[in-house]
Participant: 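Before anything else, here's the structure in question.
Letters A, B, ... are given to chains in the order of the sequence lines, protein chains preceding strands, and every chain is numbered from 1. For clarity, every value in this text was computed on a predicted model and none was experimentally measured.
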Protein chains: 2
Amino acid sequence: MVITPKNPSESNREYAFRTISENIISLDIEPGSMIGEQEIATMLGLSRTPVHEALLELSKSKIVDILPQKGCLVSMIDSELIREARFLRITVETALVEDACELAKEEDLRLLEDNLELQEFYLVKDPLKLLTLDNEFHEIIYRICNKMQCHYMVSLMSMHFDRVRSLSLHSVKDLKIVSDHRAIFEAIKKKDPAAARAAFQKHMARFELDWNIISREYKKYIAEPSH
Amino acid sequence: MVITPKNPSESNREYAFRTISENIISLDIEPGSMIGEQEIATMLGLSRTPVHEALLELSKSKIVDILPQKGCLVSMIDSELIREARFLRITVETALVEDACELAKEEDLRLLEDNLELQEFYLVKDPLKLLTLDNEFHEIIYRICNKMQCHYMVSLMSMHFDRVRSLSLHSVKDLKIVSDHRAIFEAIKKKDPAAARAAFQKHMARFELDWNIISREYKKYIAEPSH
DNA sequence: TGCAAGTTACTTGTATGCTAGTAGGAAGTA
DNA sequence: TACTTCCTACTAGCATACAAGTAACTTGCA
């Protein structure tokens with residue numbers, strides 16, 4: 001478990017939530033492992049209460065599963081939940097990029113472009129940073145469309161998604177992701193909804209290929225189909 | 001505040017969450033009013049802890065606003081959040097009803113039809129029951145498409161929406177809502193995605209009219225635009 | 001050896017107590 | 001009257017204590 005210092009502006013509960021989330025997404029906490037409230041509380045120098053509340057929030061997206069009187073299970077990578085997270089993102093964000101063509105102001109375009117330049121800069125240097133920038137790029141689009149509450153809901157579910165992306169860093173595909181983002185940006189800039197939609201859907205389609213490879217390579221992390 | 005008995009299968013936290021939610025949606029707790037953890041805990045016969053956790057969850061959808069060291073503010077009816085909730089539902093469920101045309105089995109169609117018959121039965125008798133049935137109708141569609149996690153996320157946000165619907169019960173429009181549902185059902189039954197999509201969008205469009213009336217009639221409950 | 005009952009250690013759920021921060025009113029001052 | 005300062009009452013955040021349930025181990029018996 002990787003522990004970063006507590007940001008002074010965040011509450012203990014937020015600190016616990018952020019730390020646990022980051023470690024689950026980065027796979028520093030392994031899928032399928034059990035984590036105890038006390039254990040984490042001690043590591044973070046907190047009491048159980050804020051840790052308990054953080055785990056409660058995480059359990060809402062099913063990224064952890066609280067088993068009462070037993071413990072807290074970090075969920076296995078679950079293709080059904082990933083499918084849902086992906087469905088939600090594709091559906092919502094396809095609509096958003098179209099709207100963004102109308103709504104984006106000069107200032108918004110500048111934010112997107114700054115983000116893109118950072119993506120290009122970190123492309124070879126720091127793939128993990130790239131994942132953060134990727135998420136920020138999408139967040140800017142939510143902000144352009146005044147849909148930040150939707151963004152919160154979608155990103156909670158996207159954790160399932162992000163965890164798989166952590167497994168496929170450092171790959172050639174990163175290069176394509178950044179150029180996808182640029183294509184989406186250009187379409188918004190040109191106020192071309194159809195092009196934006198097409199670029200976005202091409203972008204999200206890449207994941208399907210990843211998943212086929214990863215689901216073979218990391219079987220130990222993948223949940224059995226339930227039925 | 002209306003208090004129903006605790007269901008034996010639910011935890012104290014779930015009981016608190018359900019009770020508070022119901023009272024906010026039904027407007028038995030007024031928009032803009034302050035509620036204290038202790039106050040609610042006493043009313044429900046619980047300690048502050050499960051109430052605190054319930055309020056925390058509600059605050060994630062911004063239906064309440066926790067002001068640290070001050071209290072918990074039940075949010076005013078906020079047209080921006082309603083717009084977001086509505087956007088999310090329309091976007092997601094439009095995609096779902098199309099998919100449902102392929103995925104719905106005989107058994108699913110029976111569930112939908114049973115629900116519809118109840119809607120028609122309660123149409124004149126109990127408009128509040130109708131709201132519950134309405135939500136259940138939509139939930140069945142999520143279930144048909146195996147998108148229950150999405151359903152959880154969307155329904156959290158839909159509370160903003162449901163609260164406004166509570167204000168417009170007993171109106172002639174109820175009749176149209178039920179016939180809308182039947183149109184959606186028939187389209188799914190005939191496996192006609194285009195018809196399902198059209199029927200659903202017609203259904204959701206009704207809200208716009210409601211909102212215009214209600215926002216004039218209940219000004220005391222409506223938040224000022226922030227800017 | 002194999003199995004069953006009892007015990008113990010450990011888990012989360014919940015209650016309670018303490019801390020720190022807010023708001024509003026009382027009292028004092030010009 | 002108008003303003004400032006202090007005090008009191010109240011809030012949620014958090015720590016801690018206890019309750020209740022689980023699971024694994026130990027013990028005893030056949």
Participant: Under the rule for ring pair (Phe, Tyr, Trp, His ring centres under 6.0 Å), what residues qualify as partners of Phe137(A), not counting sequence neighbours?
Facilitator: His181(A)
Participant: List the atom pairs, with distances to 0.1 Å, where a side-chain N or O of residues 213-221 of chain A and a protein N or O form a donor-acceptor pair under 3.5 Å, not counting sequence neighbours.
Facilitator:
residue   : atom : partner   : partner atom : Å
Ser215(A) : OG   : Trp211(A) : O            : 2.8
Ser215(A) : OG   : Asn212(A) : O            : 3.2

Participant: Is any NZ, NE, NH1 or NH2 atom of the basic residue among Lys147(B) and Glu84(A) found under 4.0 Å from an Asp or Glu carboxylate oxygen of the other?
Facilitator: no
Participant: Using a distance-only test with no angle check, is there a side-chain donor-acceptor pair under 3.5 angstrom linking Glu53(A) and His52(B)?
Facilitator: yes
Participant: Would you confirm whether Arg48(A), through its side chain, and Ile40(A), through its main-chain N or O, come within 3.5 Å as a donor-acceptor pair?
Facilitator: no
Participant: Expressed as a whole number of angstroms, how long is the span from Ile66(A):CD1 to dT14(C):C1'?
Facilitator: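 Interatomic distance, CD1 of Ile66(A) to C1' of dT14(C): 14 Å.
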Participant: Please list, chain by chain and in numerical order, all residues satisfying salt bridge (Lys or Arg N to Asp or Glu O under 4.0 Å) with Lys129(B), sequence neighbours excluded.
Facilitator: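 Here no residue qualifies.
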Participant: Whole Å only: how far is the CD atom of Gln38(A) from the C1' atom of dA9(C)?
Facilitator: 14 Å
Participant: Classify every nucleotide of nucleotides 16-23 of chain C by which part a protein heavy atom approaches to under 4.0 Å, writing B for the base, S for the sugar-phosphate alone and - for neither, in 5'-to-3' order.
Facilitator: BB--BBSS
Participant: Hey, where on DNA chain D does chain B first and last touch, going 5' to 3'? Cut-off is any atom under 4.0 Å from a heavy atom.
Facilitator: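 Footprint of chain B along DNA chain D, 5' to 3': dT11(D) to dG13(D).
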Participant: Over how many whole Å does the gap from Leu55(A) atom CG to dT12(C) atom P extend?
Facilitator: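 Atom-to-atom, Leu55(A) to dT12(C), this comes out as 8 Å.
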Participant: Got a sec, which residues hit salt bridge (Lys or Arg N to Asp or Glu O under 4.0 Å) with Arg18(B), two or more places apart in sequence or on another chain?
Facilitator: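 Result, salt bridge (Lys or Arg N to Asp or Glu O under 4.0 Å) vs Arg18(B): Glu10(B), Glu22(B).
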Participant: Show every donor-acceptor pair shorter than 3.5 Å between a side-chain atom in residues 108-118 of chain A and any protein atom, with sequence neighbours excluded, or say none if there are none.
Facilitator:
residue   : atom : partner   : partner atom : Å
Asp108(A) : OD2  : Lys105(A) : N            : 2.9
Asn115(A) : OD1  : Gln119(A) : NE2          : 2.6
Asn115(A) : ND2  : Leu133(A) : O            : 3.2

Participant: Of all residues at least two apart in sequence or in a different chain, which pass the side-chain contact (heavy atoms from CB on, under 4.5 Å) check with Arg89(B)?
Facilitator: Glu93(B), Asn135(B), His138(B), Val154(B), Ser158(B), Phe161(B), Arg165(B), Met204(B)
Participant: Just to verify, what does Ser33(A) make a side-chain contact (heavy atoms from CB on, under 4.5 Å) with, not counting sequence neighbours?
Facilitator: Ile29(A), Glu30(A), Val74(A)
Participant: What nucleic acid atoms does Leu73(A) come within less than 4.0 Å of, heavy atoms only: base, sugar-phosphate, or nothing?
Facilitator: nothing
Participant: Would you please enumerate the stems DNA chain D participates in, each stem being three or more consecutive Watson-Crick or G-U wobble pairs with both distances under 3.5 Å?
Facilitator: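 Correct response: C:1-30 with D:1-30.
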Participant: Looking at DNA chain C, which of residues 2-13 of chain A put a heavy atom within less than 4.0 Å of it?
Facilitator: none
Participant: Shortest non-hydrogen contact from Ser166(B) to Leu27(B)?
Facilitator: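 Heavy-atom minimum between the residues: CB-CD1, 3.6 Å.
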Participant: Under 3.5 Å, is there a donor-acceptor pair between the side chain of Asp134(A) and the main chain of Leu130(A)?
Facilitator: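 A pair under 3.5 Å: no.
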Participant: Between dC10(C) atom C1' and Leu67(A) atom CG, what is the distance in whole Å?
Facilitator: 14 Å
Participant: Can you list everything that forms a side-chain contact (heavy atoms from CB on, under 4.5 Å) with Ser11(A)? Sequence neighbours excluded, please.
Facilitator: Arg13(A), Glu14(A)
